[in-house]
Undergrad: 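Have a look at the structure that comes next, please.
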Amino acid sequence: MTVRHFLTLRDLQPDELRQLIQRAAELKAGQRAGQQPVSFERRVMAMIFEKSSTRTRISFETAMAHFGGHALFLSPRDTQLGRGESIEDSARVISRMVDIVVIRTAGHDRIERFAEFSQVPVINALTDSYHPCQLLADMLTWTEARGVVAGRRAVWIGDGNNVCHSWMNAAQLFDFELKVITPAEQKPDLKLLENTASHVTWSNDISQAAGADLVITDTWASMGQEEEKQARQQIFQPYQVTEEVMAAANADAIFMHCLPAYRGLEVTEEVIDGPQSVIWEEAENRLHAQKALIELLLS
Ligand code: CP
Ligand code: NVA
């Protein structure tokens, strides 16, 4: 039997994604009502994290605790991967012992290689190219806030980065329009732009953000770009999400950010802490959406 992985949103079909979001909402309501989720007692998740994390780590560990299973957090210091054991050998060994593997790493090829040699499902917890788990939470958040997302218009402002790439995939799979607005030198992946052209357009003109149902941004300096922080601030300054940007959006538009956020850089305090922002719900939804994903992959 072939193993199912979740390396990008494209590993699930549109109807599976819609069902997953519905299931995540049920799990959230169940948790609020004090119900126990299905049990994955004695199931073990290995969490290989080669980059920092607050939300992703805590949501996966908490999900496994709620399921009655166990999560092993493995930083590069904790395994031989950090000392140069190959990804292929690590995948073969780790996947003989655990039931599911979650990986946060830099190069997307690293997670693809791990998945190729893994006997158990592998989940992408962020690479330099994609952050699909974030989008599960974001689709739940948008749906909760405004109902059906199909046919709506989202605007991404800032860096054409990993989260942006997953938004581009989401636009096609959930059937909404996405305008990506970035400086010309920070465009998203050109091949992906071409492949998602049915739903995604690109511009370097922030006035194109007008008429949005949803405005999204992310940090201007992702993990691994710390050295370039100053230079990047210069390039991105005209792309800050301000009250003026939100005023040009639709009256019921919401604001989202995967976090961590840097107030005064990619977004002003007034916007991120203002009435249109749904960032705290979005952060909590990582837990519920990933529970639905674990259920799907372990069942
Ligand atoms: N949004 C997100 O993935 O946050 P962390 O880096 O804290 O996991
Ligand atoms: N683009 C950011 C997202 C963090 C969740 C990064 O890669 O650091």
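All ligand and atom numbering here is 1-based and tracks the order in the structure.
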Undergrad: At a 4.0 Å threshold, what atoms of ligand 1 neighbour a non-hydrogen atom of L259?
TA: 1 (N), 2 (C), 4 (O)
Undergrad: Tell me whether R146 is salt-bridged to D252, with the criterion being a basic N under 4.0 Å from an acidic carboxylate O.
TA: yes
Undergrad: How close does the nearest protein non-hydrogen atom get to atom 3 (O) of ligand 1, and which residue and atom is it?
TA: H131 NE2, 2.8 Å
Undergrad: Ligand 2 and K51, any nitrogen or oxygen pair closer than 3.5 angstrom?
TA: no
Undergrad: Are K51 and ligand 1 in contact, using a heavy-atom cut-off of under 4.0 Å?
TA: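 No.
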Undergrad: Can you list the ligand 1 atoms lying under 4.0 Å from a non-hydrogen atom of C258?
TA: 1 (N)
Undergrad: Can you report which non-hydrogen protein atom sits closest to atom 4 (O) of ligand 1, along with the distance?
TA: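 Of every protein heavy atom, R55 NE, 2.8 Å lies nearest to atom 4 (O) of ligand 1.
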Undergrad: Pull out every atom of ligand 2 sitting under 4.0 Å from any heavy atom of L126, numbered as shown with elements.
TA: 3 (C), 4 (C), 5 (C), 7 (O)
Undergrad: Would the distance check show the side chain of H5 and the main-chain N or O of P121 forming a donor-acceptor pair, the cut-off being under 3.5 Å?
TA: no
Undergrad: Provide, to 0.1 Å, the distance between atom 3 (C) of ligand 2 and the closest protein heavy atom, together with that atom's residue and name.
TA: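 Atom 3 (C) of ligand 2 sits closest to the protein heavy atom D218 OD2, 3.6 Å.
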Undergrad: Determine, for R18 against D15, whether the closest basic-nitrogen to carboxylate-oxygen distance falls under 4.0 angstrom.
TA: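 Between D15 and R18 there is no salt bridge, as every charged N stays at least 4.0 Å from the carboxylate O atoms.
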Undergrad: Between R232 and D159, is there a side-chain N and carboxylate O pair less than 4.0 Å apart?
TA: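 Salt bridge present between R232 and D159.
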Undergrad: Less than 4.0 Å is my threshold; does some heavy atom of L126 fall inside it relative to ligand 1?
TA: no
Undergrad: Measure the acute angle between the ring planes of W142 and F176, then classify it against the limits of 30° and 60° as parallel, tilted or perpendicular.
TA: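 Plane angle over 60°, so perpendicular.
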Undergrad: So between R104, R57, R286, whose heavy atom ends up nearest atom 6 (O) of ligand 1?
TA: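 The nearest heavy atom belongs to R104.
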Undergrad: Do the side chain of S277 and the main chain of I272 share a donor and acceptor less than 3.5 angstrom apart?
TA: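 Yes, S277 side chain to I272 backbone: donor-acceptor pair under 3.5 Å.
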Undergrad: Nearest to atom 7 (O) of ligand 2, what protein heavy atom do you find, and at what distance?
TA: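 Protein heavy atom at minimum distance: N162 ND2, 2.8 Å.
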Undergrad: Can you list the ligand 2 atoms lying under 4.0 Å from a non-hydrogen atom of L259?
TA: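 Near L259, the atoms of ligand 2 are 5 (C).
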Undergrad: Just by distance, do the side chain of Q172 and the backbone of A170 share a donor-acceptor pair under 3.5 Å?
TA: no
Undergrad: Heavy atoms only: which of T54, N162, V163 is nearest to atom 5 (P) of ligand 1?
TA: T54
Undergrad: Atoms of ligand 1 less than 4.0 Å from T56 heavy atoms?
TA: 2 (C), 3 (O), 5 (P), 8 (O)
Undergrad: Run the salt-bridge test on R113 and E88 with the 4.0 Å N-O cut-off and return the result as yes or no.
TA: yes
Undergrad: Ion pair present between R104 and E50, side-chain N to carboxylate O less than 4.0 angstrom?
TA: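 Salt bridge between R104 and E50, a charged N being under 4.0 Å from a carboxylate O: no.
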Undergrad: Got the closest protein heavy atom to atom 8 (O) of ligand 2, with its distance?
TA: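 For atom 8 (O) of ligand 2, the nearest protein heavy atom comes out as M223 N, 2.8 Å.
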Undergrad: Would a distance-only check, ignoring hydrogens and angles, find a side-chain to backbone donor-acceptor pair under 3.5 Å from N250 to A253?
TA: no
